[in-house]
There are 2 protein chains.
Amino acid sequence: MSSHGFELPLRLLLAFRMLIDELHAELARQGHPDIRPMHGFVMQAIGPDGTTAVELGRTLGVSKQAAGKTIDTLERIGYVERTTDARDTRRKIVRLTPYGMDALNRSARIFDTLRAHWAGELGEDRLNALEADLRTMTPGNPWRLDTPGWFGNL
Amino acid sequence: MSSHGFELPLRLLLAFRMLIDELHAELARQGHPDIRPMHGFVMQAIGPDGTTAVELGRTLGVSKQAAGKTIDTLERIGYVERTTDARDTRRKIVRLTPYGMDALNRSARIFDTLRAHWAGELGEDRLNALEADLRTMTPGNPWRLDTPGWFGNL
DNA sequence: CACGATAGACAACCTGGTTAACTATATGGA
DNA sequence: TCCATATAGTTAACCAGGTTGTCTATCGTG
């Protein structure tokens with residue numbers, strides 16, 4: 001009967017993917033064709049002050065090796081750069097390049113635009129209620145991103 | 001400024017992952033410890049009448065080879081079986097085993113329970129509104145699952 | 001100053017995706 | 001009837017992103 005419960009997770013995933021797909025279509029148009037969805041999350045986690053591979057792994061909930069590999073690819077496509085820490089020569093500080101910061105700034109603006117589109121469709125009140133309800137059901141600061149394994153390995 | 005728009009996709013992902021994690025924790029308790037999140041989606045796509053690798057790939061939006069690999073692992077852990085089609089010996093029909101159907105039935109009941117939990121927290125009206133709004137923003141039948149690449153390869 | 005803890009790199013492996021190439025079978029038209 | 005083309009499935013080589021284990025270099029403290 002009902003089995004209505006199946007729809008909720010599916011719609012949540014679909015909605016997430018729609019927003020991400022639209023973000024990246026627009027980013028591609030704005031000069032960032034090579035960026036992948038996860039790169040945005042990683043750069044967000046790197047933040048304006050930079051971080052290290054170990055720290056990034058902890059923030060993201062993945063191993064330091066996985067974080068290191070992701071930094072490698074981000075470095076290769078020009079979004080981050082590594083500099084050695086003068087006070088601790090073991091550490092390598094990973095920082096966003098101007099190109100990386102540009103991607104992050106554009107992402108923020110595009111997400112705002114997409115949210116405005118949702119507000120236009122649903123009404124600001126309904127959208128606020130939706131966000132409030134999601135916040136109720138997913139406690140915690142989403143910026144921490146400490147969903148171990150987040151996407152992938154599903 | 002706000003940059004408020006970042007929160008929506010993050011919360012959608014977090015909510016999706018919460019539901020999926022809870023589903024699989026419960027499935028493990030109920031005798032399905034080896035099933036992975038994507039297996040549920042694939043079995044859903046296989047459906048009660050069975051399908052073929054090519055068809056499944058089309059439904060899922062992945063290559064027939066990828067669909068074939070997934071069927072291999074599902075077969076190995078006992079959730080599906082392959083039988084040859086008498087009327088077209090090229091085709092191999094993939095069908096859920098009783099164990100596979102059990103997993104699907106349990107998933108449906110667990111999702112209903114999780115939805116009931118959400119209804120308890122948010123109220124049935126708010127949850128209905130949330131689902132209606134997600135439906136508005138993600139048109140189409142979510143059972144088609146034709147999100148090309150769905151999760152993974154983000 | 002030596003030893004334990006930490007940062008990073010490297011290797012081997014897993015999964016789920018890709019494309020390309022191949023075999024076997026089906027099917028429709030000359 | 002036979003041949004050409006299309007289709008189903010398999011295999012292989014590769015990629016990305018994850019894992020664990022091991023190794024080196026450096027830090028910092030007792």
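Keep in mind that the numbers below use all heavy atoms, side chains included, and drop hydrogens, waters and symmetry copies. Naming: A, B, ... by sequence-line order, numbering from 1 per chain.
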Exercise. Any side-chain N or O of B:T70 under 4.0 Å from OP1/OP2 of C:dG17?
Worked result: yes
For this session: Using a cut-off of strictly less than 4.0 Å, decide whether A:R82 has a side-chain nitrogen or oxygen near OP1 or OP2 of C:dA9.
Result: yes
For this session: Indicate the ring-plane relationship of A:H32 and A:Y79, choosing parallel, tilted or perpendicular according to the 30° and 60° boundaries.
Result: tilted
Problem set entry | Phosphate contact (C:dG8 OP1 or OP2) by A:T52 side-chain N/O below 4.0 Å | yes
Problem set entry | Nearest-neighbour nucleotide for the B:R91 side chain, D:dG18, D:dA8, C:dA7 considered | D:dA8
Exercise. Could you state the CD1-P distance from B:I93 to D:dA8, rounded to the nearest angstrom?
Worked result: 11 Å
Seminar exercise, completed: In terms of heavy-atom contacts, A:L130 and B:L134 come closest through CD1-CD2, 4.3 Å
For this session: Determine: side-chain N/O of B:S63 to OP1/OP2 of C:dG17, distance under 4.0 Å, yes or no.
Result: no
For this session: Let me know the distance between CG of B:D88 and C1' of D:dG9, rounded to the nearest Å.
Result: 11 Å
Problem set entry | Proximity to the side chain of A:V54 - top-ranked nucleotide from C:dA7, C:dT25, C:dG16 | C:dA7
Exercise. Does the side chain of A:R87 get closer than 4.0 angstrom to OP1 or OP2 of C:dA7 through an N or O atom?
Worked result: no
Seminar exercise, completed: To the nearest angstrom, the CG-P distance between A:L60 and D:dG18 comes to 8 Å
For this session: Give the nucleotide from the list D:dA8, D:dG18, C:dA7 with an atom nearest to the side chain of A:A66.
Result: D:dG18
For this session: Choose from D:dA13, D:dT26, D:dG9 the nucleotide whose nearest atom is closest to any side-chain atom of B:A53.
Result: D:dG9
Exercise. For DNA chain D, whose closest nucleotide is more 5', that of B:K64 or that of A:T73?
Worked result: B:K64
For this session: Rounded to the nearest angstrom, tell me the gap between atom CE in B:M38 and atom P in C:dG16.
Result: 6 Å
For this session: Report the C-alpha distance between B:R135 and A:E7 in whole Å, list the side-chain angles of each, state the deciding distance to 0.1 Å, and finish with yes or no for salt bridge (Lys or Arg N to Asp or Glu O under 4.0 Å).
Result: CA-CA 9 Å; B:R135 233 174 275 126; A:E7 187 175 2; 2.8 Å; yes
Exercise. Do A:N128 and A:E131 come close enough that some side-chain heavy atom pair is under 4.5 Å?
Worked result: yes
Exercise. Side-chain donor or acceptor of A:Q65 under 3.5 Å from a matching atom on the base of D:dG21?
Worked result: yes
Problem set entry | B:F16-A:F16 aromatic ring centre distance below 6.0 Å | no
Problem set entry | Length of the CG-C1' vector between A:D85 and D:dG28, whole Å | 15 Å
Exercise. How is A:K92 classified with respect to the nucleic acid when contacts are heavy atoms under 4.0 Å: base, sugar-phosphate, or nothing?
Worked result: sugar-phosphate
For this session: Using whole Å, report how far CZ of A:R36 lies from P of D:dA16.
Result: 9 Å
Exercise. Contact class for B:T89 (heavy atom, under 4.0 Å): base, sugar-phosphate, or nothing?
Worked result: sugar-phosphate
Exercise. Which one, D:dG17, C:dG16, C:dA5, comes nearest to the side chain of A:H39?
Worked result: D:dG17
Seminar exercise, completed: A:L74 CG to D:dG17 P, in whole Å, measures 9 Å
Problem set entry | Check: B:F111 ring centre within less than 6.0 Å of A:H4 ring centre | no
Exercise. Atom CD1 of B:I71 and atom C1' of C:dT15: how far apart are they, to the nearest Å?
Worked result: 16 Å
